[in-house]
Amino acid sequence: MRVLVYDTHSYDQSFLDAANAGRHELAYTSAQLDQQTAALAAGYDAVCLFVNDHASEPVMAKLAAGGVRAIAQRSTGYNNLDLAAAARHNITCMRVGFYSPYAVAEFAVGLLQTLNRRIHRAHNRTREFNFRLAGLLGHDIHGRTVGVVGTGKIGAIFARIMHGFGCPLLGHDVRQSQACLELGMEYVSLEDLLRRSDIISLHAPLLPETHHMINAESLAITRPGVMLINTSRGGLVDTEALIGFIQRGHMGAVGLDVYEEEEGKFFRDLSDSVMDDDVLARLISFPNVLLTSHQAFFTHEAMTTIAETTLQNLSDAEAGTLNENVLRAS
Ligand SMILES: NC(=O)c1ccc[n+]([C@@H]2O[C@H](COP(=O)([O-])OP(=O)(O)OC[C@H]3O[C@@H](n4cnc5c(N)ncnc54)[C@H](O)[C@@H]3O)[C@@H](O)[C@H]2O)c1
């Protein structure tokens, strides 16, 4: 297949080329897919997309008109694809259904403990030979109640790690995980979880019903000093509401690997330009907020599986085989 890979960075190209082994004709562009850039795919059989490439109805129409009949999403989340529109335009959409969930779960724990023990601030200090400890006081994680929202593949591994720290676990999900129940997780309503947790970690997908599930109302019932970690999707959190609670001193710490307006900013070097997103600039300015740019998945193991699965998805689409990674509109 002739495939145009959107939103490419050097690391994408090296993992995809290694996994391809000459099977498909891959072309790369750093452009993100939108209504303007859809025209670049004219003449290709397929496109390969990442989380901030937007395949909405008009984009699907343009892709189909240019001959595209398959989309290989190189991530697990696929809220950027309009699957109903894809079906109308006879475009088969596939994703990477499974890759190292350890990558994201371990990163969430990294954010948690970095914030708790102020490791990021300590590093900045020692680089300037400031060896004072004032301001670096943390908590034992042992014994602190951890609330896991979404106990699927990533949430369950996160829960297992936190169980290892000696934390009582609360869970909220539309279905219960046997692995989490075996860790002693107590499944509760979202409200109960928010009220009772010292640390809340989000691992639910972005859906209409989970959009802004963390908002002014839900933050108001959390414990003063609560820690919030979001490695799932930015849209789960109403960021402006969160900023209000940070400013009022309610939040102990906030770790964000995702941000609802990340598109066009994350994965880019904007260090030479003026940041025009006041919300993002404000978030980054808080001492108890640690923001990373959607890097939780970014391990050698995860990138290898993502590339191999993406190439296999393209081969299956070419052969007309509908594998388990094919996405259908619900
Ligand atoms: N930051 C990153 O680099 C990165 C990488 C991979 C995945 N993610 C995000 O992590 C999310 C979780 O990934 P996963 O592999 O564990 O997915 P998964 O499908 O295995 O688990 C998601 C869980 O959320 C639950 N859920 C669905 N609706 C819910 C609701 N309304 N309330 C509570 N729980 C609900 C599901 O039942 C499921 O158990 C993905 O959707 C993606 O957005 C982020």
Side-chain angles (χ1 to χ4, degrees), residues 7 9 11-12 15 49-52 73-81 83 95-112 147-162 169-181 183 185-194 197 200-215 218 228-237 255-260 262-263 265-267 290-307 309-310 324-325 327 330:
D7 199 7
H9 297 267
Y11 45 83
D12 297 307
F15 279 96
L49 307 182
F50 197 48
V51 293
N52 292 325
Q73 173 80 13
R74 55 182 193 279
S75 69
T76 307
Y78 53 91
N79 48 288
N80 56 318
L81 306 179
L83 295 179
R95 65 162 172 164
V96 179
F98 182 86
Y99 68 85
S100 171
Y102 297 99
V104 183
E106 290 169 6
F107 191 83
V109 179
L111 284 179
L112 185 164
V148 186
V149 180
T151 57
K153 292 182 286 296
I154 295 169
I157 289 167
F158 174 80
R160 177 137 51 95
I161 299 171
M162 298 320 295
L169 300 171
L170 299 177
H172 173 73
D173 200 313
V174 291
R175 59 190 146 95
Q176 301 192 350
S177 146
Q178 188 54 35
C180 288
L181 289 169
L183 296 173
M185 178 177 276
E186 182 187 348
Y187 275 92
V188 294
S189 66
L190 180 61
E191 190 182 319
D192 240 24
L193 182 147
L194 296 169
S197 299
I200 298 165
S201 193
L202 306 180
H203 301 286
L206 179 60
L207 303 167
E209 57 272 28
T210 59
H211 181 253
H212 283 189
M213 72 196 305
I214 302 298
N215 54 37
S218 49
L228 176 70
I229 304 289
N230 185 10
T231 55
S232 189
R233 284 290 180 270
L236 298 183
V237 177
L256 303 173
D257 185 50
V258 285
Y259 165 55
E260 54 184 330
E262 69 182 52
E263 191 188 329
K265 295 168 201 120
F266 282 16
F267 315 122
L290 181 51
L291 185 130
T292 50
S293 53
H294 209 135
Q295 76 172 85
F297 71 98
F298 199 45
T299 65
H300 191 90
E301 291 75 8
M303 289 296 285
T304 302
T305 311
I306 288 169
T309 307
T310 299
E324 71 284 1
N325 290 323
L327 298 166
S330 48

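Order of listing sets the numbers, starting from 1, for every ligand and every atom in it.
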Practice problem: State, with a plain yes or no, whether a side-chain heavy atom of N80 is found less than 4.5 Å away from one of E263. | Solution: no
Practice problem: Examine the proximity of ligand 1 to Y99 and report which part, side chain or backbone, both or neither, has a heavy atom under 4.0 Å away. | Solution: side chain
Exercise. Establish, from distance only, whether the side-chain atoms of T151 and Y187 form a donor-acceptor pair under 3.5 Å.
Key: yes
Practice problem: For H9, look at atom NE2 and say whether over 12 heavy atoms of other residues, nucleotides or ligands are found less than 6.0 Å away. | Solution: yes
Self-check item: Min N/O separation L206 to ligand 1 under 3.5 Å
Solution: no
Exercise. Any atoms of ligand 1 less than 4.0 Å from a non-hydrogen atom of A204? List them with their elements.
Key: 24 (O), 34 (N), 35 (C)
Quiz prompt | Ligand-side contact atoms (ligand 1) for residue partner D257, heavy atom cut-off under 4.0 Å | solution = 1 (N), 2 (C), 3 (O)
Quiz item: Which ligand 1 atoms, with their elements, are less than 4.0 angstrom from a heavy-atom of A296?
Solution: 1 (N), 2 (C), 3 (O)
Quiz item: At what distance is the nearest protein heavy atom to atom 42 (C) of ligand 1, and which residue and atom is it?
Solution: R233 NH1, 3.6 Å
Quiz item: Is the shortest N/O to N/O distance between I154 and ligand 1 below 3.5 Å?
Solution: yes
Practice problem: Using a strict cut-off of 4.0 Å, indicate which atoms of ligand 1 neighbour a heavy atom of H294. | Solution: 1 (N), 2 (C), 3 (O)
Practice problem: Would you mind checking which non-hydrogen protein atom is closest to atom 28 (N) of ligand 1, with the distance to 0.1 Å? | Solution: L207 CD1, 3.8 Å
Practice problem: Output the distance between atom CD (Q178) and atom CG (L183), rounded to the nearest 0.5 Å. | Solution: 10.0 Å
Self-check item: N/O donor-acceptor pair under 3.5 Å between D173 side chain and Q176 backbone
Solution: no
Quiz item: So between V174, V258, T231, whose heavy atom ends up nearest atom 1 (N) of ligand 1?
Solution: T231
Quiz item: If you measure every N/O of T210 against every N/O of ligand 1, is any gap under 3.5 Å?
Solution: no
Quiz item: Quick one: nearest non-hydrogen protein atom to atom 27 (C) of ligand 1, plus distance?
Solution: P205 CD, 3.6 Å
Exercise. Check the pair N230, E260 against side chain to side chain contact (heavy atoms under 4.5 Å, CB included), reporting the backbone distance first and the verdict last.
Key: CA-CA 11 Å; N230 185 10; E260 54 184 330; over 6 Å; no
Quiz item: Taking distance alone, with no angle check, do E209 and ligand 1 share an N/O pair under 3.5 Å?
Solution: no
Quiz item: Which of the atoms in ligand 1, numbered in the order shown and given with their element, are less than 4.0 Å from a heavy-atom of V104?
Solution: 4 (C), 5 (C), 6 (C)
Quiz item: Using a heavy-atom cut-off of under 4.0 Å, does the side chain or the backbone of K153 touch ligand 1, or both, or neither?
Solution: both
Practice problem: May I ask which of G152, S293, S232 has a heavy atom nearer to atom 9 (C) of ligand 1 than the others do? | Solution: S232
Self-check item: L170 CG to C180 SG distance, which is reported to the nearest 0.5 Å
Solution: 11.5 Å
Exercise. Provide, to 0.1 Å, the distance between atom 39 (O) of ligand 1 and the closest protein heavy atom, together with that atom's residue and name.
Key: D173 OD2, 2.6 Å
Quiz item: Which class fits the ring pair F297 and F267: parallel under 30°, tilted 30 to 60°, perpendicular over 60°?
Solution: perpendicular
Exercise. Would you give the length of the straight line joining atom CG of L190 to atom CG of L194, rounded to the nearest 0.5 angstrom?
Key: 4.0 Å
Practice problem: Find all atoms of ligand 1 within a distance of less than 4.0 Å from any non-hydrogen atom belonging to F297, and give their numbers and elements. | Solution: 3 (O), 5 (C)
Exercise. Would you tell me which option among Q176, H203, H172, R175 has the nearest heavy-atom contact to atom 12 (C) of ligand 1?
Key: H203
Practice problem: Using distance alone, determine whether T76 and ligand 1 share an N or O pair under 3.5 Å. | Solution: no
Quiz item: Are a donor atom and an acceptor atom from the side chains of Q73 and S75 found within less than 3.5 Å of each other?
Solution: yes
Exercise. Flag the pair L112 / F158 as yes when at least one side-chain heavy-atom distance between them is below 4.5 Å, and no otherwise.
Key: yes
Quiz item: Roughly how far apart are Y102 OH and R160 CZ, rounded to 0.5 Å?
Solution: 5.0 Å
